[in-house]
Amino acid sequence: MLERKEREEKKTELPELPGAVAGQVVMRFAPNPSGPLTFGHARGVVLHLAYIERYKGKLLLRYDDTDPDIKPPLPEAYAWQREDLAWLGGKPDEVLTASDRVPIYYEHAERGLQQGALYVCRCPPEVFRDLKGHGQACPHRELPAAAQLAAWRGMLDGTTAPGGAAVRVKTDLQSKNPAWREWVALRIVENPHPRIGSTYRVWPVLDFQSAIDDHLTGVTHILRGKDLADSSHKQRYLYEHFGWTYPQVMHWGRVKMHEFGKFSKSLLTEAIAKGEFTGWDDPRLPTLKAMRRRGFQPEAIKAFWLSLGLSERDVSASLQTLEAENRQRIDPRSDRVFFVKDPVRIALRGAGFEAHPPIHPEHPARGARKLTVTADGHVLVPRSEVPEQPQVLRLKDGANVRLSASGGEVLGTAQDAGGHAARIIEWLPDDPAQTVACEVLTPEGTDQGRAEASLLAKHAGDLVQCERYGYCRIEAVDPSARAARLVFTHD
RNA sequence: GCUCCCGUAGUGUAGUCCGGCCAAUCAUGCAGGCCUUUCAAGCCUGUGACUCGGGUUCAAAUCCCGGCGGGAGCACCA
C-alpha cells in the first residue's frame, strides 16, 4: 500500500529504466547519417533526452555509417543531424563516427577469429541460407584460427572478391529463431564511403559495430525501435563470446502517422534529386528541417512524443494531436494579420469605413492595425467567399456589405451591426499602400494572394496567424518589392 | 511458414509488474453551450473503451490457458 502510494506520487509519463542509477546512465542516439532527422527520429531523441535529464546521464551521438553501399551516408547529413538534435535540445556529451573507428572493429574481428568466436564463411548466400534453415554448420565454421585469420587477410587485401566471404558470429545453430543464427559481422564492400573514400574494403554491419561501440563507450541503456528487437538477441551472442555484459534495452513500437504517406529515406533521396521536392525542407516532408521551417516548436514535438511514451505497442497517431500541442504554444505569439487568398476585386457603393482589428485579441495592449476604405472604393475578398447571389456579409472588423461578384454595397459599419447576423469573411482594401503581395507555401501547394502591409514590419522567423486561414511562419519579407513569403504551419 | 512483440473510447494514453481504492485517468477529436467584430484561442458540458472465450479467486483491465486481431524480424541494410 505504502509502496503504491509512493509510486503514484512520483508518477511520470515514462517508465523507469531498469537498473538505472542517477549519474551513471550512459545512452546513445545512433542515427545513420543518410539524410536529415525526421519526425520519426524525433521520438528517439525526445525519449533519450527525457531519460538523460531524469537520471543526469550522459548522451552520446554516434553516427552509424558503416554501409557505403545500400544505405550510404550523405556527407552533409552529419551536420544536419547535429543541428536537428540541437534544435530538440540535445547536447551530446560526445560525438562518435563509426567510419572513423574501423580499426577498432578490425581488432575485435581478429580477436574473435583468434578465439573461435567468429569465422570467415565462404559459402554462397543461398547455400548458407539453406544450412542455416536446417540448423547446420557451414564447412568453414570449425576451421582453426590460423585458417580463419588467413581468410580474413584475404578479405582485407583484395584477394577475396566482394560476396566471396563474410565474417560470421558463432551463435546457437539450434536457436529457435533462425533470424538470430550465425549472423554476419563484417563483409566486403568496395563502394567508396562517401565520407572517407576507399580507405577500407571490409566494413562491419550495424549489429557488430554497434555492439562493440556500445560496450567500449560504456552504454548502460539502449532505446530503439521494435524493428531492431532482434539485434539485441544477436548481439548477446557476441557479448557472451567476449565476456561482456549487455546493456538494458527497451523498444518502442511502430508508429504510423495518419497524414504522412510512406516516406523511405532512399525514396526521398531519389525524389529530391529528381526535383520532385524543393529540398529536404520542403514543407510536404516529414523532416525536422521542414517542420522547423513551417513553424513547429520543438517543445510541441517533445510533448507529442512524450505523450506516446515508451511502449512496444504499434500505434497510428494523428498529426492533429501534434498541431494541438503546437497551437497552444504559438498562438500567444502569433500576431493577427489579414491574408486574402486568390483575391477578387469588388467595387463597393456607399460610405467609406475604417477597421481597427486587434493585433492579438487576447492581448489588447499590443494595439490594433488600421485598414481604410474610401467612399465608393474597392475591396479584395477571397474568391472562394464570393457568393453567386448578393448576400449580406461582414468584412471582419470593417463593415457589413451586400455583395456578389458584380459588386457590393456598404450597409453600415460592423460596429453598427451587432450580433451574428452576417457571415464573417476576411478582406483587404484594394490599395497598394495598405497591402503587400503574399505567397504561402503549404503542403498542398502555393497559395497566392495579398496580405496586410503590417507584414512589412515583420521579420523572417516571426509567426503570424492569418485570420480565418491559418498559422504561418514568415520566411521572407521584401519591403522594397512590398512582398512577403510565408510557410503554412497548420490551421 | 518460422520467431518475437503488442491488443484500454475515433486517435493516443494512465492504470497491468505488486488483483479490490477502476461503473477506469488525461489529452486529442467530435457534439453542444458561453465568450467574441476571426477562431483555429479561452471557459463549461456532453460523447465514448478494458479484443473474444475459458480458468483461478470472495473479487480480474490487472494472474493463467486458448482463440482472434495488429505489428516487426527472418539480408554480406540501417
Side-chain angles (χ1 to χ4, degrees), chain A residues 1 3-4 7-8 11 13 15 30-34 64-67 69-73 121 123-125 128-129 132-133 155 162-168 175-181 183-189 202-203 205-207 209-210 225-234 251 253-256 258 265-266 303-304 306-309 311-318 320-325 327-328 330-332 334 336 338 355-358 360-362 394-400 413-415 417-420 422 424-426 465-471 489-491:
Chain A
M1 272 301 163
E3 192 194 341
R4 173 168 290 247
R7 232 184 308 138
E8 277 171 2
K11 182 191 163 223
E13 304 254 4
N32 173 16
S34 58
D64 284 352
D65 58 344
T66 58
D67 177 21
D69 187 24
I70 300 172
K71 291 186 175 168
C121 167
C123 302
F128 187 85
R129 201 174 306 133
K132 182 170 94 170
M155 289 175 71
V167 178
R168 290 187 184 276
S175 163
K176 52 188 171 169
N177 192 340
W180 303 345
R181 295 180 195 159
W183 49 278
V184 168
L186 304 101
R187 78 302 202 197
I188 302 169
V189 183
V202 175
W203 285 92
V205 297
L206 174 78
D207 282 322
Q209 167 259 317
S210 155
K226 230 166 63 165
D227 52 327
L228 257 21
D230 284 336
S231 280
S232 317
H233 294 275
K234 293 159 72 172
H251 300 105
R254 197 188 88 112
V255 181
K256 180 164 171 31
H258 290 147
K265 194 72 78 56
S266 49
F304 174 85
L306 246 21
S307 78
L308 291 206
S311 135
E312 298 202 23
R313 194 178 313 176
D314 302 315
V315 298
S316 180
S318 168
Q320 282 188 325
T321 313
L322 203 222
E323 290 175 358
E325 293 283 1
R327 194 174 294 122
Q328 259 177 40
I330 62 174
D331 184 72
S334 297
R336 271 49 174 173
F338 282 165
H356 302 277
H360 195 297
E362 283 173 70
R394 176 177 302 164
L395 305 181
K396 182 179 179 284
D397 301 312
N400 282 0
T413 62
Q415 286 84 344
H420 265 276
I424 295 170
I425 66 170
E426 64 274 24
Q465 187 205 69
C466 295
E467 296 196 38
R468 309 177 47 79
Y469 174 80
Y471 293 93
T489 310
H490 49 68
D491 55 23

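Residue numbers begin at 1 in each chain, while the letters A, B, ... track the order of the sequences.
For B:rC39, neither phosphate oxygen OP1 nor OP2 lies less than 4.0 angstrom from any side-chain nitrogen or oxygen of A:Arg327. Dashed line: the shortest gap from a side-chain N or O of A:Ser311 to OP1 or OP2 of B:rC6 is not under 4.0 Å. Phosphate proximity of B:rC39 to A:Arg336: absent, as no side-chain N or O sits under 4.0 Å from OP1 or OP2.
Across all strands shown, B:rG1 forms a Watson-Crick or G-U wobble pair with B:rC74, both key distances being under 3.5 Å. Nucleotide B:rU13 forms no Watson-Crick or G-U wobble pair with any nucleotide shown, as no partner meets the under 3.5 Å limit on both distances. When Watson-Crick and G-U wobble pairs are counted only if both distances are under 3.5 Å, B:rU25 pairs with no nucleotide at all. Across all strands shown, B:rU38 remains unpaired; no Watson-Crick or G-U wobble contact has both distances below 3.5 Å. In this structure, B:rG7 forms a base pair with B:rC68, meeting either the Watson-Crick or the G-U wobble geometry with both donor-acceptor distances under 3.5 Å. Nucleotide B:rC50: unpaired (no Watson-Crick or G-U wobble partner with both distances less than 3.5 Å). Under the Watson-Crick or G-U wobble criterion, with both distances below 3.5 Å, B:rA31 is paired with B:rU45. As the counterpart of B:rC63, B:rG55 is assigned, both hydrogen-bonding distances of the Watson-Crick or G-U wobble pattern falling under 3.5 Å.
B:rG32 sits 31 Å from B:rA14 when the P atoms are compared, rounded to a whole Å. Between B:rC43 and B:rC35, the two C1' atoms lie 8 Å apart (nearest whole Å). Atom P of B:rC63 sits at a distance of 10 Å from the matching atom of B:rG7, rounded to the whole Å. B:rU16 and B:rU62 are spaced 12 Å apart, taking the P atom of each and rounding to whole Å. Remark: the separation of the C1' atoms in B:rC76 and B:rC18 is 47 Å, to the nearest Å. Taking the C1' atom of each, B:rA24 and B:rC50 are spaced 8 Å apart, rounded to whole Å. Distance check on atom P: B:rU51 versus B:rA9 gives 7 Å, rounded to whole Å. Separation of the C1' atoms belonging to B:rC30 and B:rG10 is 8 Å when rounded to the nearest angstrom.
Residues A:Gln209 and A:Asp64 meet the side-chain proximity criterion, which asks for heavy atoms closer than 4.5 Å. Contact of the A:Cys121 side chain with the A:Phe128 side chain is registered, since non-hydrogen atoms from C-beta on lie closer than 4.5 Å. Inter-residue side-chain proximity for A:Leu395 and A:Ile425 is flagged as met; some heavy-atom pair is nearer than 4.5 Å. Counting only heavy atoms from C-beta outward, the side chains of A:Ser334 and A:His360 never approach each other to under 4.5 Å. Under the 4.5 Å side-chain criterion, counting only non-hydrogen atoms from C-beta, A:Asp491 is in contact with A:Arg327. The closest side-chain heavy-atom distance from A:Lys396 to A:Glu426 is not below 4.5 Å. Between A:Ile330 and A:Thr489 there is a side-chain heavy-atom pair separated by less than 4.5 Å. Counting heavy atoms from C-beta on, the side chains of A:Glu362 and A:Pro332 never come closer than 4.5 Å.
Looking at heavy-atom distances under 4.0 Å, A:Glu426 makes no contact with the nucleic acid at all. Heavy atoms of A:Phe304 sit nowhere under 4.0 angstrom from any nucleic acid atom. Nucleic acid contact for A:Val167: none, since no nucleic acid atom lies under 4.0 Å from a heavy atom of the residue. Residue contacts shown for A:Ser175 are absent, as no nucleic acid heavy atom lies under 4.0 Å away. Here A:Gly253 lies out of heavy-atom contact (under 4.0 Å) with every strand. A:Arg168 comes within 4.0 angstrom of sugar-phosphate atoms only, judged by non-hydrogen atoms across all strands, and of no base. Among the atoms of the strands shown, none is found under 4.0 Å from any heavy atom of A:Ala185. Note on A:Gly470: a base of the nucleic acid sits closer than 4.0 angstrom, heavy atoms only.
Take the nearest nucleotide of RNA chain B for A:Asp491 and for A:His233: the residue whose nucleotide is more 5' is A:His233. Two residues, A:Pro358 and A:Arg129, neighbour RNA chain B, and the one matched to the more 5' nucleotide by heavy-atom proximity is A:Pro358.
Rounding to whole angstrom units, CH2 of residue A:Trp203 and C1' of B:rA75 are separated by 19 Å. Look at NZ on A:Lys71: it is 8 Å from P on B:rA78, rounded to the nearest Å. Taking atom CG on A:Leu306 and atom P on B:rG12, their separation rounds to 18 Å, with Å as the unit. Summarising the geometry, the separation between NE2 on A:His360 and C1' on B:rC39 is reported as 11 Å, rounded to the nearest angstrom. If you take NE2 of A:His490 and C1' of B:rC39, they are 14 Å apart, rounded to a whole angstrom. We find that CD of A:Glu323 is positioned 9 Å from P of B:rG29, with the value rounded to whole Å. Separating the NZ atom of A:Lys176 from the C1' atom of B:rC5 is a distance of 13 Å, rounded to the nearest angstrom. In this structure, CG of A:Leu322 is placed 15 Å from P of B:rU13, rounded to the nearest angstrom.
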Heavy atoms under 4.0 Å is the rule here; annotate nucleotides 60-73 of chain B 5' to 3' with B where the base is hit, S where only the sugar-phosphate is, and - elsewhere. ----------BSSB
Going 5' to 3' through nucleotides 46-51 of chain B and flagging B where a protein heavy-atom sits under 4.0 Å of the base, S where only the sugar-phosphate is that close, and - otherwise, we get ------
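Panel note: side chain A:Ser307, backbone A:Phe304; a donor-acceptor pair is recorded below 3.5 Å. Side chain of A:Arg168 to backbone of A:Arg181: no donor-acceptor contact under 3.5 angstrom is found. A donor-acceptor pair under 3.5 Å links the side-chain atoms of A:Arg187 to the main chain of A:Trp203, judged by distance alone.
Of all nucleotides listed (B:rA75, B:rA78, B:rG7), B:rA78 comes nearest to the side chain of A:Leu206. If you check B:rA78, B:rA75, B:rU38 against the side chain of A:Arg187, the one that comes closest is B:rA78. Each of B:rA78, B:rA41, B:rU37 was ranked by its minimum atom distance to the side chain of A:Tyr471; first place goes to B:rA41. Candidate nucleotides B:rU28, B:rU13, B:rU37 were compared by shortest atom distance to the side chain of A:Ala324, and B:rU28 ranks first. The side chain of A:Val205 sits closest to B:rC77 out of B:rG12, B:rU38, B:rC77.
Atoms CE and CD1, from A:Met155 and A:Ile188 in turn, are 4.5 Å apart once rounded to the nearest 0.5 Å.
In this structure, A:Ala355 and A:Gly398 approach most closely via the heavy-atom pair CB-CA, 3.8 Å. What you find for A:Ala179 and A:Lys234 is that their closest heavy atoms are O-CD, 3.8 Å.
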Which atoms of nucleotides 9-11 of chain B (N or O only) lie under 3.5 Å from a protein N or O atom, and what are those distances?
residue: B:rU11; atom: O3'; partner: A:Ser316; partner atom: O; Å: 2.5
residue: B:rU11; atom: O2'; partner: A:Ser316; partner atom: O; Å: 3.1

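Between A:Asp314 and A:Lys256 there is no salt bridge, since no side-chain N of the basic residue sits under 4.0 Å from a carboxylate O of the acidic one. Salt-bridge formation is not detected for the pair A:Asp65/A:Lys71: no Lys NZ or Arg NE/NH1/NH2 atom is positioned less than 4.0 Å from an Asp or Glu carboxylate oxygen.
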